[in-house]
Amino acid sequence: MKIILATQNQGKLKEFQQLSKGMDFEFIAIPGELQEMPEETGETFKENALIKARYVSEYFQMPALADDSGLEVDALNGNPGVYSARYSSSGSDLDNCKKLLNHMTSVTKESRTARFKCCLLGFNEGETVFAEGTLEGEIAEEFKGERGFGYDPIFLLPKYNLHLAEMEKDEKNKISHRSKAFEVIKDMLPSLIN
Ligand code: ITT
């Protein structure tokens, strides 16, 4: 059974392809004929995941799985949160990271705690399944590492003494917010399809 991954983020897509290896489902990218995704007007990750999954599923009349995720920084009262992808004016990964580091220059090491959150929502014929995952860490003081995407170069995992972008992709996929959510939702997907 094919499920469309309702994302335009290549970094997420690559992680899903690896996470779903050996499964009964085939996850496919959004077919080329869909020109635009709807605006993410939700106030929560879950609302935005529903907007994306429903739109793609109804457009193609197929099951779809959406990922809405982001970074919550305690010193910034949980921001950028649902605005993580649109934090800087360009919205590029580099500019988003630079803006975040600029806002954190006066924040001490002890107060730099943050977490990635991932909400996954599957949609088919009006039915939904949902799961979420979290990865705790800190906002680093500088960029490190070339792997991953988004905020990975400035996200420090104190337990490993590594930035997320320094980790091998297999290692990130063992501990990430996305893999935790995926681990839960993968067992719910059959109920959506049958
Ligand atoms: P889609 O909506 O098309 O899926 P998007 O990139 O716009 O793609 P979101 O609205 O969910 O996705 O925004 C997620 C933001 O959080 C975006 O800036 C990502 O770079 C960042 N993010 C999510 N997961 C991440 C991860 O594992 N590592 C680093 N940054 C991540």
Side-chain angles (χ1 to χ4, degrees), residues 1-72 78-87 91 93 96 114-136 148-152 155 164 169-170 172-194:
M1 175 49 96
K2 288 185 178 168
I3 301 176
I4 303 177
L5 281 174
T7 180
Q8 293 175 313
N9 181 316
Q10 295 305 310
K12 289 182 187 176
L13 258 180
K14 281 189 199 145
E15 290 189 7
F16 277 117
Q17 274 157 1
Q18 203 180 355
L19 286 168
S20 61
K21 265 187 198 152
M23 286 185 59
D24 293 341
F25 315 105
E26 189 188 341
F27 288 97
I28 60 167
I30 299 175
E33 63 260 41
L34 181 64
Q35 297 297 319
E36 269 189 48
M37 285 289 278
E39 216 184 315
E40 295 180 28
T41 51
E43 285 174 15
T44 62
F45 294 120
K46 187 175 181 180
E47 283 168 22
N48 283 335
L50 176 60
I51 290 170
K52 293 186 274 194
R54 173 189 279 149
Y55 184 80
V56 170
S57 175
E58 289 180 346
Y59 188 94
F60 291 103
Q61 295 293 299
M62 275 178 67
L65 180 70
D67 167 320
D68 204 66
S69 43
L71 186 57
E72 291 181 352
N79 280 315
V82 289
Y83 303 105
S84 295
R86 303 161 267 171
Y87 190 46
D93 287 348
N96 287 344
R115 67 207 51 76
F116 277 116
K117 282 206 173 150
C118 174
C119 283
L120 296 181
L121 191 139
F123 190 100
N124 191 34
E125 296 177 344
E127 300 289 323
T128 60
V129 290
F130 171 72
E132 54 195 337
T134 299
L135 176 63
E136 298 284 342
F149 67 97
Y151 295 91
D152 285 347
F155 192 81
L164 205 44
K169 58 183 191 317
D170 294 2
K172 178 179 175 186
N173 267 343
K174 279 183 200 152
I175 60 162
S176 79
H177 47 307
R178 183 160 297 104
S179 64
K180 287 175 192 153
F182 190 75
E183 197 52 37
V184 176
I185 208 165
K186 73 177 180 8
D187 295 330
M188 301 179 191
L189 291 172
S191 73
L192 196 63
I193 289 158
N194 299 320

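When the side-chain hydrogen bond (donor to acceptor under 3.5 Å, both in side chains) test is applied to Lys180, no partner is found at least two apart in sequence or on another chain. Residues meeting the side-chain hydrogen bond (donor to acceptor under 3.5 Å, both in side chains) test with Arg54, sequence neighbours left out: none.
A salt bridge is defined here as a Lys NZ or Arg NE, NH1 or NH2 lying under 4.0 Å from an Asp or Glu carboxylate O, and Glu40 with Lys52 meets this definition. With salt bridges taken as basic N to acidic carboxylate O contacts below 4.0 Å, one links Glu72 and Lys117.
Other residues, nucleotides and ligands contribute more than 12 heavy atoms inside 6.0 Å of the CD atom of Gln17. By the 6.0 Å contact criterion, CD on Glu127 is open, its count of non-hydrogen atoms from other residues, nucleotides or ligands being 12 or less. By the 6.0 Å contact criterion, CG on Asp24 is open, its count of non-hydrogen atoms from other residues, nucleotides or ligands being 12 or less.
Once rounded to the nearest 0.5 Å, the distance linking CG of Asn173 with CZ of Phe16 reads 9.5 Å. If you take CG on Leu19 and CZ on Arg178, they are separated by 8.5 Å, rounding to the nearest 0.5 Å. Between the OH atom in Tyr87 and the CG atom in Leu71 there is a gap of 9.0 Å [rounded to 0.5 Å]. Residue Leu121 holds its CG atom at 10.5 Å from CG of Asp67, rounded to the nearest 0.5 Å. Atom CG of Leu65 sits about 5.5 Å away from atom CG of Leu5, to the nearest 0.5 Å. Taking OG of Ser176 as the start and NZ of Lys174 as the end, the distance is 12.0 Å to the nearest 0.5 Å.
For the pair Ser57 (side chain) and Met62 (backbone), a donor-acceptor distance under 3.5 Å is present. No donor-acceptor pair closer than 3.5 Å links the side chain of Asp68 to the backbone N or O of Cys119. Proximity of a side-chain donor or acceptor of Ser20 to a complementary backbone N or O of Met23 within less than 3.5 Å is not detected. For Asp152 (side chain) and Phe149 (main-chain N/O), a donor-acceptor pair under 3.5 Å exists by modelled atom type. The closest donor-acceptor contact from the side chain of Asn124 to the backbone of Ile193 lies at 3.5 Å or more, if one exists at all. Distance alone, capped at 3.5 Å, places no donor-acceptor pair between the Lys172 side chain and the Leu164 backbone. Gln61 places a side-chain N or O within 3.5 Å of a backbone atom of Glu58 that can act as its donor or acceptor partner. Not one N or O on the side chain of Ser69 forms a donor-acceptor pair closer than 3.5 Å with the backbone of Cys118.
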List the steps, then state whether side chain to side chain contact (heavy atoms under 4.5 Å, CB included) holds for Ile30 with Met37. CA-CA 10 Å; Ile30 299 175; Met37 285 289 278; 4.0 Å; yes
Could you check Leu135 against Phe155 for side chain to side chain contact (heavy atoms under 4.5 Å, CB included), going step by step and ending with a plain yes or no? CA-CA 10 Å; Leu135 176 63; Phe155 192 81; 4.1 Å; yes
Could you walk me through whether Phe130 and Lys46 pass the side chain to side chain contact (heavy atoms under 4.5 Å, CB included) check? CA-CA 8 Å; Phe130 171 72; Lys46 187 175 181 180; 3.5 Å; yes
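Considering only heavy atoms from C-beta on, Tyr151 comes within 4.5 Å of Pro80 through its side chain. Between Leu192 and Met188 the shortest side-chain heavy-atom distance does not fall below 4.5 Å.
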